[in-house]
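Note sheet for the following structure.
Note that these values count all heavy atoms, side chains included, but never hydrogens, waters or copies made by symmetry. Chain identifiers are assigned alphabetically (A, B, ...) following the order of the sequence lines, protein sequences preceding nucleic acid strands; residue numbering begins at 1 within each chain. Everything numeric here is computed off the predicted structure, so don't read it as measured data.
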2 protein chains.
Amino acid sequence: MSVQKVDRRIARTKRMIREALAALIEEKGFESITVRDITSEADINRGTFYLHYQDKFDLLKKCENEFFQEIEDIAKDIKVNDIRKFSENQQPLAYSVKLLEYIKNNAAFMRAVLGPNGNVAFQIKLKEYIKTNIGKVFLKEAEGNKDRMKVPREYLLSYIVSAHLGVIQQWLQNELKESPQEIARYIGIITVEGPFQASGFKK
Amino acid sequence: MSVQKVDRRIARTKRMIREALAALIEEKGFESITVRDITSEADINRGTFYLHYQDKFDLLKKCENEFFQEIEDIAKDIKVNDIRKFSENQQPLAYSVKLLEYIKNNAAFMRAVLGPNGNVAFQIKLKEYIKTNIGKVFLKEAEGNKDRMKVPREYLLSYIVSAHLGVIQQWLQNELKESPQEIARYIGIITVEGPFQASGFKK
DNA sequence: TCATTAATCAACACAGCGTTAATTAAAAGG
DNA sequence: CCTTTTAATTAACGCTGTGTTGATTAATGA
């Protein structure tokens, strides 16, 4: 198959539109954005928008799909024994570091969709991703000891995934002050040792 | 101060509007709802809506405020030593049970604002509430042992709070099959013992 | 250089908004 | 019960945003 070269004008227009979208979501939330807002922020004609996207929902969906496409590749490298490694020498999980690095490199968009004016549907999809690629790895380890499972698997899983996302949101709110490695270490510590073992409460 | 008696017509109208809102949010999400949708669902004149609310955002805000007003009262009864009680005899935390009971009694609205078409701003406010009334109680216990704190307080707190909310959302998604007591027990087990102690992994 | 095609511009019908003035209907209170 | 008060209805207003179209201009790639 031949590689289609993209017209520079198209690339530029799409880039402007997406940058405008991220800026506007963060500014006032997706729901109150109009196509007019986007095109005037991007400094293009309103009609041009409709040459590329059906409406603002279509635009958001395409941005999200692009995101998931890209982090899907990250997931390919996950090592199942990551968690064992962590238990043994407290090394941050490789998957976490990569995901967090990606988030840091796309901070504007991530802050937009995960921040206070963000989008629940996106968060649900992201949780689904984390659940598939991360939670299950953790639980696989845990279920070796199934008879001692005190809480149904679905609740344990949703707990881990939500907690994961919570730390990421706190990090974004904290203006990405810490390094991805550091955050990955926090997640590892809390998730593997438990929040109160980590803080020194109990035993 | 004299108790103002509310005109039955007003009470009815407001009730219809709020029921319509919950139904519509769950159906297609807050952002794509129009005032027309609400008033036709509630079977009232569109003009009537504007006698009570400025716009749909005002309506949502007032519904949320009512919610927080009511759960604020619940928080008044929280006992600081709840967590100790749990550690000793695995009794569900009193605050949790009450909050979860309230959620169960207002399932339509809660499913609407916390579900897939829900509202991030509401979730943030709810997290804030949980953080204040629950997380801090947990952490107060934990911080007796401050020198063993491996993770910054803010991350630990956001972890606990997000995880909390995650279990609630899983519960709503699970159609409130379990009792509030049971869910409170799950939350207690996972939060105090840690997800992997709870599942039997490690040690 | 020149054919191709993206972007612009102006105009269209349409839908939802928020408001208003006149009217109808229901509730509260004597 | 009857009257006064006030909530709800109705129909219309101007305004803003939508999504589309046809004609025109300008940038791109070969």
Original post:
Does OP1 or OP2 of dT20(D) have a side-chain N or O of Tyr50(A) closer than 4.0 Å?
Top reply: no
Original post:
Got a donor-acceptor contact below 3.5 angstrom from the Lys56(B) side chain to the Ile33(B) backbone?
Top reply: yes
Original post:
Are the side chain of Thr191(B) and the backbone N or O of Gly188(B) linked by a donor-acceptor pair below 3.5 Å?
Top reply: no
**OP:** Sequence neighbours left out, what passes side chain to side chain contact (heavy atoms under 4.5 Å, CB included) with Arg8(A)? Give chain and number order.
**Re:** none
**OP:** Round to the nearest Å and state the distance from Phe49(B) atom CZ to dT9(D) atom P.
**Re:** 14 Å
Original post:
So, Asn65(B) versus Gln69(B): side-chain donor-acceptor pair below 3.5 Å or not?
Top reply: no
**OP:** Taking the six-membered ring for Trp and the single ring otherwise, decide whether the centroids of Phe122(A) and Phe67(A) are under 6.0 Å apart.
**Re:** yes
Original post:
Side-chain contact, heavy-atom cut-off 4.5 Å: Ile168(A) with Leu100(A)?
Top reply: yes
Subject >> Residues in contact with DNA chain C, drawn from residues 52-65 of chain A - heavy-atom cutoff 4.0 Å >> reply: His52(A)
**OP:** Could you check whether the rings of Phe57(B) and Phe30(B) sit parallel, tilted or perpendicular, using 30° and 60° as the cut-offs?
**Re:** perpendicular
**OP:** Calculate the interatomic distance between Arg46(A) atom CZ and dC12(C) atom C1'; express it in whole Å.
**Re:** 11 Å
Original post:
Do Phe49(A) and Tyr53(A) make the cut of ring centroids closer than 6.0 angstrom?
Top reply: yes
**OP:** Starting from C1' on dA26(C), measure out to CD1 on Ile10(B) and report it in whole angstrom.
**Re:** 12 Å
**OP:** Decide whether Asn174(A) and Glu154(B) meet the rule of one side-chain donor and one side-chain acceptor closer than 3.5 Å.
**Re:** yes
**OP:** May I ask you to decide if Lys28(A)'s main-chain N or O and Ser32(A)'s side chain share a donor-acceptor pair within less than 3.5 Å?
**Re:** yes
Original post:
Of all of residues 35-45 of chain A, which get a heavy atom below 4.0 angstrom from DNA chain C, listed by number?
Top reply: Ile44(A), Asn45(A)
Subject >> Exercise: do Lys62(B) and Gln54(B) side chains pair donor with acceptor under 3.5 Å >> reply: no
Original post:
Are any side-chain N or O atoms of Gln170(A) and backbone N or O atoms of Tyr159(B), one a donor and one an acceptor, separated by less than 3.5 Å?
Top reply: no
Subject >> d(CD, Glu31(B); P, dG16(C)) in whole Å >> reply: 16 Å
Subject >> Under 4.0 Å protein heavy-atom contacts per nucleotide of nucleotides 25-30 of chain D, with B for base, S for backbone only and - for none >> reply: -BBSS-
**OP:** For the helix from dT1(C)-dA30(D) to dG30(C)-dC1(D), figure out the bend between the end axes, five pairs an end, and round to 10 degrees.
**Re:** 40°
**OP:** Strictly below 4.0 Å, heavy-atom distances to any atom of DNA chain C: list the hits from residues 11-25 of chain B, or just say none.
**Re:** none
**OP:** Taking only the side-chain nitrogens and oxygens of Thr34(B), find out if one of them lies under 4.0 Å from OP1 or OP2 of dG16(C).
**Re:** no
Subject >> Side chain Tyr155(B), main chain Ile183(A), donor-acceptor under 3.5 Å >> reply: no
Original post:
Cut-off 3.5 Å, side chains only: do Asp37(A) and Thr34(A) have a donor facing an acceptor?
Top reply: yes
Original post:
Can any side-chain N or O of Lys104(A) pair as donor or acceptor with the backbone N or O of Pro180(A) at less than 3.5 Å?
Top reply: no
**OP:** Using modelled atom types only, decide if a donor and an acceptor are shared between the side chain of Thr39(A) and the backbone of Arg36(A) within a distance under 3.5 Å.
**Re:** yes
